[in-house]
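The structure appears right after this line, and notes come after that.
Read the numbers this way: they start at 1 and go in the same order the structure lists the ligands and their atoms.
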Amino acid sequence: MSFKNIAVVGTGYVGLVTGVALSDIGHSVTCVDIDEQKVELMQSGVSPIYEPGLSELMTKNIKAGRLSFTTKHQQAFAGADAIYIAVGTPQKEDGTADLRFIEAVADHIAEHLTHYAVVVTKSTVPVGTNDYIKSYIDKHTDVPFAVVSNPEFLREGSAVHDTFHGDRIVIGADSVVAGDLIEEINKPFGIPVFRTDIRSAEMIKYASNAFLATKISFVNEIANLCEKLNANVDDVARGMGQDKRIGNKFLNAGIGYGGSCFPKDTSALVQIAGNVEHEFTLLKAVIEVNYKQQRLLVEKAREHFGSLRGKTIAMLGLAFKPNTDDMREAASIILAQELILAGARVVAYDPIAMENARNVLPAAVDYADSAFAAIQGADTAFVVTEWDEICALTPGDFKANLKEPVVFDGRNCFNIETMKEAGLNYYSVGRPVVKTEKELV
Ligand SMILES: NC(=O)C1=CN([C@@H]2O[C@H](COP(=O)(O)OP(=O)(O)OC[C@H]3O[C@@H](n4cnc5c(N)ncnc54)[C@H](O)[C@@H]3O)[C@@H](O)[C@H]2O)C=CC1
Ligand SMILES: O=C(O)[C@H]1O[C@H](OP(=O)(O)OP(=O)(O)OC[C@H]2O[C@@H](n3ccc(=O)[nH]c3=O)[C@H](O)[C@@H]2O)[C@H](O)[C@@H](O)[C@@H]1O
């Protein structure tokens, strides 16, 4: 195995983790980003994002001389065998993917490429984009190059683990030689490789995210039905999941999916389908179910209290999932907006995402220093993200600290029986409601 020179463009959740992991398996990696502050931080060995295990691995490989950071594309591309594109592809107002960062990278490549290299697209891009990238660069340079689609499947919060233990590496290439190079680069990971054409690789990424989002909206609809029919979605999901054809993963009912990818990628796929006159009815329903689900706790609280005006609500967990500082499309944003609109006061807490949260939550939100401090003196609590620290609160903590003994749990963190024994009113998702005797009279 010969180690390669690799440039990674964009050092977000995907680019930085990819760059660090590729250096850890022996390659020489230069990461380039236009954000000077970020690059300065990384050059001093500090990760600009929270991702378990990332900082340690970063420091190790910088010290080993295999990992460096720059703001200069020309410097990163010099001598590179492969140039990985890992910039953002956010959602435009109309739901389509915004490709302006990709185009900017294509410009840099066209301008600075001096020798044959393989351009590898890690970013999630609509079907046909790699062909577009190829023709775009082609128009502006005579230097030969190839384009390979290599979509990313890591999850935030376990990105390092997922990179080393992924289920598959998808390589979409029209040039066998270019595909072989990317397969060789990835060999030390020991992960099964699936080779296909470029367009199918692009579609695998969208189809995978859309399917996972469908699983979540499906189980959430079952949960909503369970509530009306007095069944328990935890048991239903467990019973379904034992069928190997269904599988037990991604069947956790709750307040829907958030994050930087499922919302934008499902919208983009609806648009991609629309562009070829295909109405993706199923996926539109998945998105609609998620829209309602993200607002569920406010509805439940309204039903319980009547009015939320003047109530203080402890919002426990703000990130779109545990173990990340990412607030993109987090349900907490919608919930905080709705609560404040309803005249409530919100006291928010998250173990890691609080700094990012301050930039996106309404200005009226107050912040607490711990989960425990957030519930002290609040009228009620909303469980929004299932961080360990939040799930470690006991029914006794809620009973002793909340003004009213009622908890709205959007992630089914707590045991129904113990909440009942503690004398709490407890609303979760798709499970029987626990009401104190006083409430039942
Ligand atoms: N976040 C995730 O968990 C996953 C994301 N993806 C996809 O990967 C892509 C990247 O996502 P994230 O890492 O979340 O993005 P991000 O928004 O966290 O990071 C993008 C980075 O690219 C930099 N950048 C923008 N233009 C640049 C340029 N011309 N040259 C150099 N750097 C530039 C930005 O400064 C930023 O640091 C997206 O297409 C996303 O859909 C795929 C799988 C997982
Ligand atoms: O393309 C991407 O960016 C990534 O999107 C997701 O990863 P991520 O968004 O980081 O996190 P997930 O663990 O998938 O969770 C997404 C959302 O779904 C919710 N979720 C997840 C699972 C579940 O059973 N129920 C549920 O409500 C989570 O709370 C979270 O809000 C995919 O899992 C990754 O494979 C993919 O690479």
Side-chain angles (χ1 to χ4, degrees), residues 7-19 31-39 41-42 48-49 51 69-73 76 83-91 97-109 121-126 129 150-159 162-163 166-168 205-206 208-213 215-220 223 233 237 241 247-266 268 290 293-294 317 319-326 328-332 384-386 410-412 429:
V8 179
V9 190
T11 55
Y13 292 85
V14 168
L16 183 54
V17 173
T18 301
C31 296
V32 55
D33 203 291
I34 48 173
D35 186 330
E36 286 176 16
Q37 245 179 327
K38 240 183 189 182
V39 171
L41 267 182
M42 294 183 293
I49 53 168
E51 199 53 66
F69 301 93
T70 178
T71 51
K72 309 242 175 322
H73 294 79
I83 300 172
Y84 280 66
I85 303 179
V87 293
T89 47
Q91 190 176 327
D98 186 345
L99 297 179
R100 87 195 123 111
F101 299 110
I102 297 276
E103 280 170 0
V105 178
D107 278 332
H108 286 299
I109 295 174
T121 310
K122 275 255 142 203
S123 301
T124 303
V125 291
T129 304
N150 176 214
E152 180 54 61
F153 300 99
L154 63 77
R155 292 161 302 171
E156 287 179 25
S158 53
D162 290 352
T163 305
D167 292 331
R168 78 307 204 187
K205 176 61 197 174
Y206 278 101
S208 301
N209 273 3
F211 187 76
L212 292 169
K215 253 187 136 174
I216 297 170
S217 277
F218 183 85
V219 80
N220 282 336
V233 74
N248 59 11
K249 307 248 170 71
F250 268 70
L251 286 179
N252 295 325
I255 48 173
Y257 57 80
S260 67
C261 288
F262 285 171
K264 91 168 162 63
D265 291 346
T266 46
N290 198 57
Q293 212 66 19
Q294 288 193 312
F320 81 98
K321 63 180 283 191
N323 301 318
T324 180
D325 58 353
D326 199 343
R328 290 180 284 187
E329 303 290 330
S332 63
V384 177
T385 317
E386 67 276 33
R411 298 293 178 190
N412 291 356
V429 183

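For ligand 1, the polar-atom distance check finds no N/O of Asp35 at less than 3.5 Å from any of the ligand's N/O atoms. The shortest N or O to N or O distance between Leu154 and ligand 2 is under 3.5 Å. Backbone and side-chain nitrogen or oxygen atoms of Arg155 are examined, and none is located within less than 3.5 angstrom of a nitrogen or oxygen of ligand 2. Remark: ligand 2 and Ile216 share no N or O pair separated by less than 3.5 Å (distance only, no angle test). Taking any N or O of Thr124, backbone or side chain, none lies under 3.5 Å from an N or O belonging to ligand 2. For ligand 2, one of its N or O atoms has an N or O atom of Phe320 under 3.5 Å away. Taking only nitrogen or oxygen atoms, main chain and side chain alike, Tyr257 does not reach within less than 3.5 Å of ligand 2. Considering backbone and side-chain N/O atoms, Leu212 never comes within less than 3.5 Å of an N/O atom of ligand 2. Looking at ligand 2, you'll find an N or O of Asn252 within less than 3.5 Å of one of its N or O atoms. By the 3.5 Å distance cut-off applied to N or O atoms, His73 is counted among the residues near ligand 1.
Counting heavy atoms under 4.0 Å from ligand 1, residue Val125 does not touch it at all. The side chain of Ser260, and not its backbone, has at least one atom closer than 4.0 Å to an atom of ligand 1 (non-hydrogen atoms only; side chain from C-beta on). Neither the backbone nor the side chain of Gln37 has any atom closer than 4.0 Å to an atom of ligand 1 (non-hydrogen atoms only). The part of Ala86 lying near ligand 1 is the backbone, judged by heavy-atom distances below 4.0 Å. At a heavy-atom distance under 4.0 Å, only side-chain atoms of Lys205, from C-beta outward, approach ligand 1.
In terms of modelled atom types and a separation under 3.5 Å, the side chain of Gln91 and the main chain of Ala97 share no donor-acceptor contact. With hydrogens and angles ignored, the 3.5 Å screen pairs no side-chain donor or acceptor of Asp33 with any backbone N or O of Val39. The backbone N or O of Lys72 sits less than 3.5 Å from a side-chain atom of Thr70, completing a donor-acceptor pair.
Distances from ligand 1 to the non-hydrogen atoms of Arg155 include no value under 4.0 Å.
The contact set between ligand 2 and Glu152, taken as ligand atoms under 4.0 Å from a residue heavy atom, comprises 37 (O). Shown in contact with Val32 at under 4.0 Å from a heavy atom are these atoms of ligand 1, numbered in order with element: 31 (C), 32 (N). Contact atoms of ligand 1 toward Phe101: 25 (C), 26 (N) (distance under 4.0 Å to a heavy atom of the residue). Listed by atom number, the atoms of ligand 1 under 4.0 Å from Cys261 heavy atoms are 4 (C), 5 (C), 6 (N), 41 (O). Distances below 4.0 Å separate heavy atoms of Arg411 from the following atoms of ligand 2: 27 (O), 29 (O). Counting atoms of ligand 2 from 1 in the listed order, those under 4.0 Å from a heavy atom of Lys205 are 1 (O), 2 (C), 36 (C), 37 (O). The ligand atoms of ligand 2 that sit less than 4.0 angstrom from a heavy atom of Glu156 are 10 (O). Listed by atom number, the atoms of ligand 1 under 4.0 Å from Val9 heavy atoms are 30 (N), 31 (C). Ligand 1 places these atoms under 4.0 Å from at least one heavy atom of Thr89: 38 (C), 39 (O), 41 (O). Close contacts between ligand 1 and Lys38 involve ligand atoms 36 (C), 37 (O) [criterion: under 4.0 Å to a heavy atom]. Near Lys264, the atoms of ligand 1 lying under 4.0 angstrom from a non-hydrogen atom of the residue are 40 (C), 41 (O). Ligand-side atoms of ligand 2 in range of Cys261: 1 (O), 2 (C), 3 (O), 5 (O), range being under 4.0 angstrom from any heavy atom.
From the protein, the heavy atom lying nearest to atom 14 (O) of ligand 1 is Arg328 NH2, 3.0 Å.
Within a 6.0 Å sphere centred on CZ of Phe153, heavy atoms belonging to other residues, nucleotides or ligands number more than 12.
Under the side-chain contact (heavy atoms from CB on, under 4.5 Å) criterion, Ser260 pairs with Glu156, Asp326, Arg328, not counting sequence neighbours.
Using bins of under 30°, 30° to 60° and over 60° for the plane-to-plane angle, the ring pair Phe250/Phe262 lands in the perpendicular bin.
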